[in-house]
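Please read the structure below before turning to the comments.
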Amino acid sequence: MSVFGGLVYADDVLVSELEQQKRPIMEKFVRDRAMANFDSHYQRYDNFRSELQQAYTDYLAGSAEYNDALATSPQRADEYWLDTQNQVKQGWQQYQQGEAAYEARVEARAQKIAPQIYAYFEQRSKCADMKKGSRRDNCFERIQTRYDREFEKNSMPYIEPNEWLIREEISTSENVTNSIVTGVMTLGLFTAMQAIDAATGGDAGIRDHRMVYTNDVNHYKNILLVKMEGDFIKESGGYPREINDIHRFRHHKLTSDKVRTRLKQKGLHLADSWQMANRSEFDNAVASKVKQEADTRWRNEMRNKGYNIPPNLSWQAFQQHQQTQQRIQAEMGDMYVSPTLADWNNKQFLNRVVEPNIQRNTTELLRVLEAQKAEFADGGAFEASGKSALRATIIPPISMSLSLALVLLTVLKLPIKAWELIKAAKHNPAEPRTKHSKQKLINVGISATLLASIFVVPMSFSSNQFTLEDSATNYFFRQMEANDSASISYALRWLLTTQPLVQPIGDALDSSLQISRGFDAISGPIHHLDEAMQGFSANSSKAHQPTQETTALLPLSIITNADNARIAVMNIKPKYSPQMQLPQGAYDIKVTAPGYTPERQWVNLTAESTEFTINLHRQ
């Protein structure tokens with residue numbers, strides 16, 4: 001980071017070159033991170049794949065039960081048809097019993113009224129023999145009143161008296177014989193009258209029939225059977241008389257209507273025009289009922305398992321069904337791609353899941369960077385912070401270089417200083433001046449040698465991945481030497497070369513000699529000794545320490561329209577929770593939910609704006 005920050009300062013064209021290569025760079029970063037977790041991602045997918053395959057096995061068993069239920073349709077049709085035939089047979093027996101009871105009842109009435117009607121006609125003949133006048137009229141009226149009262153008393157439909165008469169045909173020979181006999185008896189007068197009647201267009205007294213009455217009970221029974229048939233139809237439920245066999249009864253429209261009504265109560269729906277002869281339509285109605293029952297049972301079972309999937313889907317269709325994909329999405333989370341199948345090997349998983357996620361995450365991160373770039377650019381909300389952070393990337397390595405040089409110089413000088421102290425104790429003022437001058441030259445030479453060993457030797461005889469000729473760091477050093485400061489470039493190059501050499505040696509010495517632990521043990525007493533000798537306390541020193549300003553925290557709240565939504569703040573480590581306390585600033589919010597398209601937005605948390613709404617759209 002420090003080298004890169006310095007490189008931005010040193011190379012004016014670096015940013016534009018990086019802008020052109022930003023997608024490959026970001027894609028490599030995302031790919032490296034994804035491939036580092038590939039095994040865990042695939043193991044998670046493989047575990048879920050086994051669960052889904054077992055779910056499909058259970059689904060196939062349910063589909064087989066569904067198909068077995070449909071296969072019973074012909075058997076169910078035969079059962080319904082047999083029940084229907086039994087119903088028709090029972091109806092036919094009831095019809096026959098009703099017809100027999102009706103005839104018996106009519107016969108009983110015929111036997112009762114036959115003598116009365118016969119007597120009526122006898123009386124009417126006597127009235128007809130009377131001379132015309134009031135006595136004759138009264139006679140007819142009296143017997144007619146008695147006739148009407150009899151029908152009213154027996155609760156029978158009224159029948160005109162003449163309807164009881166029997167038409168009796170008169171033959172030609174009988175007409176001729178009667179005419180001759182009557183003519184002889186009237187001394188030819190009747191014959192003369194016949195001739196005149198025929199001449200004037202009359203029938204000359206010739207009749208082709210005559211109406212007679214009888215006391216035969218069967219005659220009255222037959223008439224009553226016809227006249228009282230309405231009662232029979234009402235009693236039989238609508239059937240007429242004289243249905244002579246079960247075949248005619250079965251195919252009567254009323255039988256079909258009754259069968260259809262009863263079947264409707266059992267869930268079988270037939271058209272109003274259906275007849276008993278149409279067996280194929282009957283079978284189709286049974287098949288529809290069987291399928292409806294199987295569908296209802298299937299939906300209930302699927303609802304209990306949290307599914308709404310039709311039966312008999314293939315493995316491919318089962319995987320690609322919307323609800324299966326929703327279940328896969330809930331398991332895969334951010335790794336989900338549409339559609340994700342459960343029969344991919346690790347290579348297919350890499351190509352169809354990991355690669356699309358790499359491209360998607362690359363695009364998202366680039367979009368985030370683009371959104372942030374405006375905030376950190378000149379005139380943006382974080383301009384000062386950006387510049388301060390960029391400067392902070394350069395200062396630490398320079399400070400580290402100076403500190404490392406001083407430490408090494410001190411370490412190398414310690415033996416020399418110790419020797420000089422020994423020599424100072426043995427110093428003789430009488431020694432000649434030339435000897436002191438010679439010693440100074442030696443000291444200068446030793447110092448030069450020490451400096452060369454610190455700053456030249458590591459650069460001449462050591463290298464690492466940061467100082468290779470074709471490395472990005474080496475490119476940075478060249479750009480800094482050409483455009484900024486050669487001394488700073490050399491210092492940073494020396495730091496990256498020397499630090500990997502010195503650090504392991506220091507760690508090894510500290511581990512062996514326990515220098516850090518020993519110092520920790522004596523640091524307390526030395527500190528108290530310093531306080532006693534120099535006359536200052538920890539309390540007085542603390543009084544001069546500057547107070548650290550506390551940063552005000554603000555509550556962050558994200559509102560979304562999706563149930564069970566997952567909310568994450570991508571640019572901080574803590575997990576999101578409602579009303580979580582955060583410093584003022586910009587935050588990258590990502591909202592996901594099953595069945596919805598993920599949404600990612602930047603929000604600016606201020607004292608005035610602490611609550612933000614991010615709505616999701618259904619897939």
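- Side-chain contact of Arg303 with Asn300: a donor-acceptor pair under 3.5 Å is present, judged by distance alone.
- Between Phe48 and Tyr45, the distance from one ring center to the other does not fall under 6.0 angstrom.
- Put simply, CD on Glu355 and CG on Asn357 are 10.0 Å apart, with the number rounded to the nearest 0.5 Å.
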ring-ring contact (aromatic ring centres under 6.0 Å, His included) between Tyr59 and Tyr56, intermediate numbers included: CA-CA 5 Å; Tyr59 169 83; Tyr56 183 68; 5.7 Å; yes
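- In the model, Arg327 has a side-chain atom that pairs as donor or acceptor with a side-chain atom of Tyr307 under 3.5 Å.
- Of the charged side-chain nitrogens involved, none lies within less than 4.0 Å of a carboxylate oxygen, so that Asp343 and Arg352 do not count as a salt-bridged pair.
- Thr610 places no side-chain N or O within donor-acceptor distance of the main-chain N or O of Leu556, the cut-off being under 3.5 Å.
- Between the side chains of Thr363 and Arg23, at least one donor-acceptor pair of N or O atoms lies under 3.5 Å.
- Shown here are the side-chain contact (heavy atoms from CB on, under 4.5 Å) partners of Ala593, two or more places apart in sequence or in another chain: Ala562, Ala565, Tyr596, Leu616.
- Within the model, atoms CD of Gln275 and CG of Asp257 stand 7.5 Å from one another, a figure rounded to the nearest 0.5 Å.
- Annotation: the span from Asn615 atom CG to Thr613 atom OG1 amounts to 6.5 Å, rounded to 0.5 Å.
- The aromatic rings of Trp81 and Phe282 sit perpendicular, their planes meeting at an angle over 60°, well past the 30° parallel limit.
- With sequence neighbours left out, the side-chain contact (heavy atoms from CB on, under 4.5 Å) criterion links Met26 to Phe29, Val30, Thr362, Leu365, Leu366, Leu369.
- Distance check: Thr606 OG1 to Asn604 CG gives 6.0 Å after rounding to the nearest 0.5 Å.
- Here the OG1 atom belonging to Thr560 is positioned 9.0 Å from the CD atom belonging to Glu599, to the nearest 0.5 angstrom.
- A donor-acceptor pair shorter than 3.5 Å cannot be found between the side chains of Gln43 and Asp39.
- Distance OG1/Thr340 to CG/Leu52: 11.0 Å, rounded to 0.5 Å.
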